[in-house]
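Written out below as structure tokens is the structure these notes cover.
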Protein chains: 2
Amino acid sequence: MSTNKKFAVILSGCGVYDGAEIHEATLTMYAIAKAGAQYQIFAPDIMQHHVVNHLTGEEMNEKRNVLVESARIARGNIKPLKELKVADYDAVVFPGGFGAAKNLSTFAFDGENFKVNTEVERVIKETVSSKKPLGALCISPIILSKVLDNAKITLGTESDPSALAAKKLGAEYIATNHGDVVIDENYNVFTSPCYMLDATIDQIGEGAENVVREIMKRLNQ
Amino acid sequence: MSTNKKFAVILSGCGVYDGAEIHEATLTMYAIAKAGAQYQIFAPDIMQHHVVNHLTGEEMNEKRNVLVESARIARGNIKPLKELKVADYDAVVFPGGFGAAKNLSTFAFDGENFKVNTEVERVIKETVSSKKPLGALCISPIILSKVLDNAKITLGTESDPSALAAKKLGAEYIATNHGDVVIDENYNVFTSPCYMLDATIDQIGEGAENVVREIMKRLNQ
């Protein structure tokens, strides 16, 4: 199966605790390729909020750049987010990881009063205004709750701080199980909880594959 | 499908140019989980040979630890390689990435005269002597060409320096296509070329899945 559909995949570093979640990012790319579509990876050219030792969970006295570290997942084939022209793509996907809440936005530190990176906000608004499908996994939908009024999204469980914050911001949070995809028909937004639930890697693959499949269905309608 | 089979997966960092290849590592874990088996990730607690900026390809003035960086792929659930008791596992798999040739061995710098990390050598010898299946993707089989006499393995194309070095060391190098698995029946070794060929991520998934499937078949014989 082959198609000319092109996805932009937006990363936030390389590693769940301070960047993009590696399994979600990889399995999103894998799902896109298996669907016969193409992808280009992007990340903002900014410093990470911090660097976390993933063995101990402790902060390290280091500085790393989001674009440079995301390039590890992209095998070097990556572009700065500011170069992303939504007109050149059919769909946009944000995998998860704390990077979405620490680098693409400040949710991890500011709760419901968080700010969103201006390039990320631009891309979301352009994608929605051009009626192109927008996918978001794991914690990434919290950003949509800030940028889009009353978006219908997944996050973790009902008691998770992100779900509570999203509801305060006016989002329609939907509690789901592994691999479920919530579709906001108004905004053309596709979300799935992935590692916001206590999941295994095959459940992450299922979530990424289901989001990509639903987006491909929409693109082929 | 569920099984009590347990794989040890050995990483060499986090990123193709100075560590474990992220897609090969992730898709190996994914293949094991989809086969209903379990895995535990290990990496040596040593410093990386160097740190490469994956955006530019240039060396960075930084120091990183193989175990700490591998923990990014493992989401923190990782153990030092010296704690790996082969008796506790049914099979061992080495994904690829330059980390296999820079951190687990010195092949990238010393060619056919390279040395192998002592813990890596111990694990390979114990796996083979206990007749357990050993999988190796991408560049990792070069290590087997040094540790095991006359091993039958994949690498890249026939003209690749790794294939030439392996043959000089006495290995039986087999040229293969994407996703092919070469099985050394003597050593119970399963190899596939993955990114040693110019491959797409879905071909990496196929290679990892085929290696895991063949190992599972062997374990269930």
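Below, chain A is the first sequence line, B the second, and so on; all start at residue 1.
A 4.5 Å side-chain heavy-atom check between A/Glu206 and A/Asn210 finds at least one atom pair inside the cut-off. Annotation: side chain of A/Val66 is not in contact with side chain of A/Leu81 (no heavy-atom distance under 4.5 Å). The shortest side-chain heavy-atom distance between A/Ser70 and A/Leu67 does not fall under the 4.5 Å cut-off. The shortest side-chain heavy-atom distance between A/Thr154 and A/Met196 does not fall under the 4.5 Å cut-off. Proximity of B/Ser105 to B/Val120: side-chain heavy atoms (C-beta onward) are nowhere separated by under 4.5 Å.
For B/Asp110, the CG atom counts as densely surrounded, since its 6.0 Å shell holds more than 12 non-hydrogen atoms of other residues, nucleotides or ligands. Counting non-hydrogen atoms of other residues, nucleotides and ligands closer than 6.0 Å to CG of A/Asp198 gives a total of 12 or fewer.
The contact list for residues 52-63 of chain B toward chain A, using heavy atoms and a distance under 4.5 Å, reads B/Val52, B/Asn53, B/His54, B/Leu55, B/Met60, B/Glu62, B/Lys63 by residue number. Within residues 14-21 of chain B, the residues approaching chain A closer than 4.5 Å by heavy atoms are, in numerical order, B/Cys14, B/Gly15, B/Val16, B/Tyr17, B/Asp18, B/Glu21.
For A/Glu69, the part lying near chain B is the side chain, with the backbone staying farther off; criterion is any non-hydrogen pair under 4.5 Å. With a 4.5 Å cut-off on non-hydrogen atoms, B/Ile204 does not touch chain A at all.
Counting only distance, with no hydrogens or angles, the side chain of A/Thr106 and the backbone of A/Phe114 share no donor-acceptor pair below 3.5 Å.
Exactly one residue among B/Phe7, B/Tyr89, B/Phe94 makes a ring pair (Phe, Tyr, Trp, His ring centres under 6.0 Å) with B/Phe42. That residue is B/Tyr89.
Under a cutoff of 6.0 Å and an axis angle of 45°, B/Arg75 and A/Tyr195 form a cation-pi pair.
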